[in-house]
Amino acid sequence: MSRIGYKAIELPQGVEVSQSGNVVTVKGPKGTLSREISPLIKMNVTDSEVTFERENDDKKAKMVHGTTRANVNNMVEGVVNGFKKTLKLVGVGYRAQAKGSKLILTVGYSNPVEMEKPEDLEVNVPDNTTIEISGINKEHVGQFAAEVRAVRSPEPYKGKGIRYEDEYILRKEGKTGK
């Protein structure tokens with residue numbers, strides 16, 4: 001049973017939620033987001049809250065009940081506050097810079113790695129070893145942050161690489177010379 005699916009979403013002041021067919025649109029101070037939800041879930045919108053009900057109790061409907069509620073809640077959260085991920089570059093000579101619509105990473109390869117910034121995200125480089133990715137869509141922020149991290153994932157011996165700000169890397173002991 002999904003306990004999260006039954007929780008109501010409280011709508012903050014200035015946020016509008018509308019549904020046409022299976023497409024949910026959330027408008028707020030930071031922008032507008034749209035998403036298609038499952039036809040197995042019925043969404044009820046009142047002035048101050050949104051609730052979700054299942055059409056029936058089959059397995060598929062139970063699976064998407066809580067997920068649908070969480071996705072719409074993330075949309076509401078995104079148009080009100082937005083989402084942000086911070087990445088740290090750890091390693092000698094590792095640095096990042098933002099030039100126009102590109103993010104340029106120098107992370108120990110023979111050539112710098114250039115990544116195109118998505119239009120709906122804001123990528124900020126406050127210093128050489130910090131990258132801040134922010135936007136209203138949680139999925140896009142997380143996906144781009146994961147793509148940047150994948151350029152040079154942290155390794156367990158020296159801890160070098162691109163990591164999330166709050167990420168802890170489990171360190172391993174190296175070879176013991178005899």
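Everything numeric in this text was worked out from a predicted model, so none of it was measured.
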**Report entry** Between CG on residue D57 and CZ on residue R54, distance to nearest 0.5 Å
**Finding:** 4.5 Å
Query raised in the report: Which distance, rounded to the nearest 0.5 Å, do you find between the CD1 of I136 and the CG of D120?
Result: 7.5 Å
For residues [X] and [Y], determine if any side-chain heavy atom of one lies less than 4.5 Å from a side-chain heavy atom of the other.
X: P156; Y: R171; result: no
X: N71; Y: V24; result: no
X: Y6; Y: R69; result: no
X: E119; Y: S101; result: no
X: N44; Y: F52; result: no
X: L40; Y: K60; result: yes
X: H140; Y: P118; result: no
X: V113; Y: I104; result: no

With sequence neighbours left out, write down each residue that passes side chain to side chain contact (heavy atoms under 4.5 Å, CB included) with [X], or none if nothing qualifies.
X: V125; value: A96, A98, L103
X: L11; value: V15, V17, V50, V76
X: D166; value: Y164
X: E10; value: E49

Check side chain to side chain donor-acceptor pair (under 3.5 Å) between [X] and all other residues, then give those that pass, not counting sequence neighbours.
X: R163; result: none
X: K102; result: E116
X: E155; result: none
X: K88; result: T130

Query raised in the report: More than 12 heavy atoms of other residues, nucleotides or ligands under 6.0 Å from CZ of R149: is that the case?
Result: yes
Going by atom type alone, with no hydrogens or angles, which donor-acceptor pairs under 3.5 Å involve a side-chain atom of residues 77-84 and a protein atom two or more places apart or on another chain?
{"from": "E77", "atom 1": "OE2", "to": "N81", "atom 2": "ND2", "distance (Å)": "2.7"}

Query - Stepwise side-chain contact (heavy atoms from CB on, under 4.5 Å) check, I131 with L105 - result: CA-CA 10 Å; I131 303 167; L105 303 169; 3.6 Å; yes
Report summary line: For E139, the salt bridge (Lys or Arg N to Asp or Glu O under 4.0 Å) test, sequence neighbours excluded, returns R35
Requested in this report: Would you name the heavy atoms of G135 and V141 that are closest together and state the gap between them?
Outcome: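 Smallest interatomic distance, heavy atoms only, reads N-CG2, 3.6 Å.
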Report task. Is it possible for you to check whether R152 lies under 6.0 Å from the centre of the six-membered ring of Y109, through NZ or CZ, and within 45° of that ring's axis? Result -> yes
Query raised in the report: Hydrophobic clusters join Ile, Leu, Val, Met, Phe, Trp and Tyr when side-chain heavy atoms are under 4.5 Å apart, directly or via other members; which others share one with L170?
Result: Y168
Query raised in the report: Got a sec, which pairs hit side chain to side chain donor-acceptor pair (under 3.5 Å) with one end in residues 17-32, sequence neighbours left out?
Result: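 Found T25-S34.
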Query raised in the report: Any side-chain donor-acceptor pair under 3.5 Å between N128 and Q97?
Result: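 No.
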